[in-house]
Amino acid sequence: MQHTLQLMNPLSNLLLNSSRGPLASMHALDVMWISFYSIGLLLVSILIITAVRKWVHNMVLSFLLKLVAYVMFFIGTLLMVLVVLTWPN
């Protein structure tokens with residue numbers, strides 16, 4: 001089937017390889033480590049937000065720490081989405 005698709009369209013091989021996800025060219029264990037890093041970023045960002053809300057009363061410091069936590073949360077979420085899109089490996 002794949003051979004007939006390649007004869008029909010020379011770009012079909014690129015399409016078939018890209019349909020597995022953005023991290024498909026990486027080894028499965030490397031994708032696992034990326035998922036662990038993203039989980040770690042998500043957990044650390046939640047801990048920072050919780051600590052800032054409970055103990056930090058300076059508005060400037062609170063804003064900076066929350067900004068760092070939200071950036072970490074965004075990066076962790078983006079990495080986890082990339083891992084999930086690579087799931088059928």
Side-chain angles (χ1 to χ4, degrees):
M1 174 85 178
Q2 184 179 359
H3 185 60
T4 58
L5 285 174
Q6 285 178 351
L7 292 176
M8 291 171 30
N9 186 2
L11 295 177
S12 64
N13 190 24
L14 178 64
L15 178 66
L16 288 174
N17 286 337
S18 67
S19 67
R20 289 179 49 215
L23 302 177
S25 62
M26 294 178 67
H27 194 268
L29 290 176
D30 293 334
V31 175
M32 177 196 70
W33 282 108
I34 290 175
S35 71
F36 287 162
Y37 295 147
S38 64
I39 291 169
L41 283 173
L42 294 172
L43 289 175
V44 169
S45 68
I46 289 170
L47 290 175
I48 290 173
I49 290 291
T50 304
V52 165
R53 286 182 180 173
K54 188 171 185 176
W55 292 308
V56 178
H57 301 293
N58 185 353
M59 294 300 289
V60 175
L61 184 61
S62 173
F63 174 76
L64 290 175
L65 288 174
K66 284 181 182 179
L67 183 66
V68 167
Y70 284 121
V71 168
M72 289 172 61
F73 189 82
F74 176 74
I75 292 171
T77 304
L78 182 66
L79 287 175
M80 191 54 74
V81 166
L82 292 177
V83 167
V84 168
L85 290 177
T86 310
W87 187 262
N89 193 358

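Predicted model, so just to flag it, every value in this text is computed and none were measured.
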Distance-only check: which donor-acceptor pairs under 3.5 Å involve side-chain atoms of residues 32-44, not counting sequence neighbours?
residue : atom : partner : partner atom : Å
S35     : OG   : M32     : O            : 2.5
S38     : OG   : I34     : O            : 3.4
S38     : OG   : S35     : O            : 2.7

| field | Connected-component partners of Y70 among ILVMFWY, side-chain separation under 4.5 Å | value | I49
| To the nearest 0.5 Å, how far apart are CG in L61 and NZ in K66? | 11.0 Å
| Roughly how far, to the nearest 0.5 Å, is CG of L79 from CZ of F74? | 10.0 Å
| What residues form a side-chain contact (heavy atoms from CB on, under 4.5 Å) with S25, not counting sequence neighbours? | none
| field | Connected via hydrophobic side-chain network under 4.5 Å: V68 and V71 | value | yes
| note | With sequence neighbours left out, the residues meeting side-chain contact (heavy atoms from CB on, under 4.5 Å) with L47 are none
| query | Linking Ile, Leu, Val, Met, Phe, Trp and Tyr by side-chain heavy atoms under 4.5 Å, what else ends up with I46? | reply | none
| said: Hydrophobic cluster membership, with links at side-chain heavy-atom distances under 4.5 Å among I/L/V/M/F/W/Y: are F73 and L65 in one? | reply: no
| request: Please identify each residue that fulfils side-chain contact (heavy atoms from CB on, under 4.5 Å) with L82, with sequence neighbours left out. | output: P22, L23
| note | CZ of F63 to CG of N58, rounded to nearest 0.5 Å, is 12.5 Å
